[in-house]
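So the structure is just underneath, and the comments pick up after that.
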Amino acid sequence: MTRRVRMAVLGPALLGLGALFAWAIAGLPAFGDYRGPYGYVLNRIVVPLRHTTNVVMATTFDVRGVDTMGEEFILYAAVIGVTLLLRDESGARRVERKTRRLRSDAVRLVGVGMVGGGLLVGLWLVAFGYITPGGGFPGGVVLAGAILVLYLVGSHRDYRPFRNEHALDPFEGIGAGGYVVTGLAALASGLPFLANLFGKGTTGTLLSGGSIGILNAAAGLAVAFAMLLLFAEFLETYVIPLEPEDAAS
Amino acid sequence: MSYLPYAVAAWLCLVGLAGVATSRNLIHLAVCLTVTQSSSYVLLLTVGYVKHGRAPIFKGIKLGTPAVDPVVQALTLTDIVVSVVVVALILALALDAHRLSGTVDPDGLADVKG
Amino acid sequence: MSWIPPLLVAIPLVAAAVTAGLDHITPRPVQDAIVIASSAATAALSFVLLWEVYSHEAVHWFGGWQPRHGVALGIDFAVGPLAAGMCAVIGLVVTLALLYSLTFLPEAARLYDALMLVALGAMCGFAMSGDLFNLFVWLELMGVAAYALTGFQVERLGPVQGAVNFAITNSLGGYLFAVGIALLYARTGALNLAQIGTTLSHGPAGGLVIVAMTLLLCGFLVKGAVVPFHLWAADAYAVAPAPVCAVLGGVMTDIGLIGVARLYWTIFAVPFGHGHAVGDVLLWLGIVTAVLAGTMAFLQRHLKRMLAYSVVCHIGIMLAGIGLLGSSGLAGAELMFLAHALLTAGLFFVGGILHSDHGLIDELHLRGRARGCWVPALAWFAGTIGLVGTPYVGIYLGHGLIDESATELGRPWVPALLWLGSALAGAALFRAGARIFLGWGDEEDELLGKAIEEDPLERHVLRPLLVAVAVAAVVLGIAMSVVPGLGQRAEYAAERFRDTSGYAARVLHAKAMSPPTSLPVTIRHTSLESILYGVSATILALGLGVVGLYRRRLPRIVAVAAERTIAPPIRVLHALHSGVVGDYVTWVAVGTAVTGGVWALLLHG
Amino acid sequence: MIVAGTLVPLQVVAFALVALGAPLVVLTRDPLRQALVNGVYGVSLVLLFVVLAAPDPALSMLVVSGIAYPLVILAAVARVRGERRRSKKTSDD
């Protein structure tokens, strides 16, 4: 199809879809009029059952924990996929990797501050995720971002410390695999897969929630390393095009 | 008036679709795809909203206080991860396409057809 | 509580984490052993599960979150014989593909293996899941693994284009699905399929449910490569490595159909089951898919692209079987899936052997080059016959059951059209086989378009292993129609799959099932019409194949007449399959809008 | 600390911002500029999530649109531009 024909076909189709959406919306309950039961039941029973205060995280890691297991593996598969797609098989493009060194101390200082802050925020998000808002995913992303800044402000000539994904893969594997293994542990003790194994602890503390904490940590680990690999993979492609003379100038 | 929030979600879906179908740049296309997907989480959070409800986090709040649906929020979290992943994969493919053909225009990629 | 269902997902996923995580740490043979063993274990456990679920439904509530008063709290896997059978075949095909890739794809192997295992776990999870959003998660997971598997031969533009088209259209399908989930959730406040179905059985359905159904089913039809959502399939399968094609074409496409059937019979059969509107739309989509894709297969010269259209053609026949909404139709689709998965995988494997032998996979370029390769040749022709459905070979039994279902409904024209589709696809495969293995036919044929460039495989493959895997797949697929008792058990499985209220009672209220009556262990007989259809389809396939081979020697009058009548629509067909993702997205929007519009007209009021 | 979604006017504003932001993202054809607009769109989504009493999704959206998207998109844009520049240079030589 030429672009004009495509537009001519697309327009009516989108109009049709819009009409369908409008029809569906007419059948929805008014905004703010959620009727349940699913959410209401969980809001009532999760805190007494699990002693975690953040019902969203309890839903993510316990009640609907399998969804999150799938989600960890979506991330895992994507990182593997991006690694496969951006790898350089021919070897022809293996120009010597040189990046411009960062020389300004002020920028470096700000960077170090950002790293420290980022690491703290990330760890805090992961750690307290099942009590207050946060959790493995945002915490993991912030951690990855912070470590990345560490690279950017450090005078690393190369990505060696973590461009070498052989060193990172095990961690990511432990994160994603650990999630499944926690589920299998429950199965091995005669309980359903991903059943909550440990005591539920005191409401509102880090020790509440039993397996939720472990799964949350596993997710945080998996996300942090997955994101780090992902960022590194993309940034390397940014670094490579700098030809030696480019970098020298 | 009470249906407008849903209409916003439908609007996002259509706008994103139009963007994806007419995009001339795979990087642009990937971002349009996230707009389409944002429709699904806006819709999810909208349908789970309870008027005057608190967030479903019962720290310092008595149990039984009206709170919004936690389930849609859990689903949204998964949805957001999916969207990041899809963007990353499509961008990686876009880079490969650019390396091999010198273009990121999806219309210019049609190596195989018929 | 059965402990097997979660294992079918957990084993491959843990193995995937281990293989990729221990990349470069453990030696290659250990890695290979882990990969193959975990995949084989998944397949074996699926067979155990199949045995177990024959007399009762295996329902596993994750985390022990049992439903309370009919309200599902957690996520469940609810496995009947149909889902268990799917898992068994999925496990089998993936195991064969992994064995095949031991020497076929040595580079980047660990990452590749990990993605295959992730796809395996996701497909099993999808087949068993009883939760709407959980289905979405597995759909996305298998998608993400598949996009990367398609595009990972990064040295050519073709794979990248195929993967781009695949990723974008399928992601969009997933997003439509997600919007559908949100709509149904707003209406019912539930994500469990059984609970949604139960909630919708009270009161009128209305526009919301019709639109939600459109979005959900169209999401799956994109994955299932049904016309007009199929355009990505040929681009993706033509460029992926042969073992990946075997998995994507053999089992992952069909997964979309199990999703359609699952959603229909757990949710939409109650509000819309009194009429035939939903089924008729699916039936017609299936028929159009079968005939159109059969034609497209006939117009290809690239073997994997030809096989891709052949897959789409059979998807159409299976969808038609589901669309008839009867037990024998669904059983037919299930039986066809079993045979089709193995045969398609086998043919892709043979294609891979040709590729490694000659560095080519183009029918015309390969003409006569594989003379004397008797074993692959036999596998190819046997697979072709199995895919056409010669009586009691390959897909025949499934096709026969679909015929029966259509005849019962008083629609005798359905089988005729469906057999035409499989004859067309079969003709293409026969023509290619005759040209390549026997050296028959002309050397050029402008009807088939331009050649697609292909990289030669520069690897030392263990050829006997490749041949053995291909033969195993084909033999298993061929035998599916003559396994004693399989037909009757498929019908029983379909009967149970279609029992909406029974499913809800078993899932939500843990109700026990009445034990099944013992079924005969004989080969299921089919109607005389089906035998006649099977024979004529075979003859038609052979005839068309020969015409395709010697098209230029047709009498001038016939050739001119054919040129005038057939050529213009063929040009249109070629133009529609443009390889441009913007067009594909447009067709997804058109397909969804039209399907929804038709359902709105038929179901409203 | 947690914002309860009682402010209806704020919700109207948030929905309006999101509805306006989406076409802007789609219509910004230059990827670099689009990455910027997309960041703003992301912030409007974060605001919307907050006023819908969804702090967890808001936080995730914040890190995604603040860290993940910009990083990968900018890296991709830079790579494409870098290659273009180089190929231009070689053709000039």
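Chain A is the first sequence line, chain B the second, and so forth, proteins listed ahead of strands; every chain is numbered from 1. For clarity, every value in this text was computed on a predicted model and none was experimentally measured.
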Side-chain heavy-atom pair [X], [Y] within 4.5 angstrom cut-off:
{"X": "C:Leu111", "Y": "C:Leu115", "result": "no"}
{"X": "C:Tyr175", "Y": "B:Val86", "result": "yes"}
{"X": "C:Phe126", "Y": "C:Leu135", "result": "yes"}

Please state whether the side chain, the backbone, both or neither of [X] comes within less than 4.5 Å of a heavy atom of chain C.
{"X": "B:Thr78", "result": "side chain"}
{"X": "B:Leu89", "result": "side chain"}
{"X": "B:Leu14", "result": "neither"}

Approximate separation, where rounding is to 0.5 Å, of [X] [atom1] and [Y] [atom2]:
{"X": "B:Leu91", "Y": "B:Leu26", "atom1": "CG", "atom2": "CG", "answer": "8.5 Å"}
{"X": "B:Thr22", "Y": "B:Leu29", "atom1": "OG1", "atom2": "CG", "answer": "8.5 Å"}
{"X": "C:Leu73", "Y": "C:Trp65", "atom1": "CG", "atom2": "CH2", "answer": "7.0 Å"}
{"X": "B:His28", "Y": "B:Asp105", "atom1": "NE2", "atom2": "CG", "answer": "12.0 Å"}
{"X": "C:Asp362", "Y": "C:Gln300", "atom1": "CG", "atom2": "CD", "answer": "10.5 Å"}

Under a 4.5 Å heavy-atom cut-off, does chain B meet the side chain of [X], its backbone, both or neither?
{"X": "C:Val137", "result": "side chain"}
{"X": "C:Phe177", "result": "neither"}
{"X": "C:Leu576", "result": "neither"}

Please report the closest heavy-atom contact between C:Gly579 and C:Gln161, naming both atoms and the distance.
O-NE2, 3.0 Å
Pairs of heavy atoms under 4.5 Å with chain B: top-ranked of C:Leu231, C:Leu183, C:Val179:
C:Val179
Let's test your reading of the structure: which of B:Leu43, B:Asp79, B:Leu17 forms the most heavy-atom pairs below 4.5 Å with chain C?
B:Leu43
Do any of residues 66-75 of chain B have a heavy atom less than 4.5 Å from a heavy atom of chain C, and if so, which, in residue order?
B:Asp69, B:Val71, B:Val72, B:Leu75
Checking C:Asp583 against C:Trp587: is there a side-chain donor and acceptor pair closer than 3.5 Å?
no
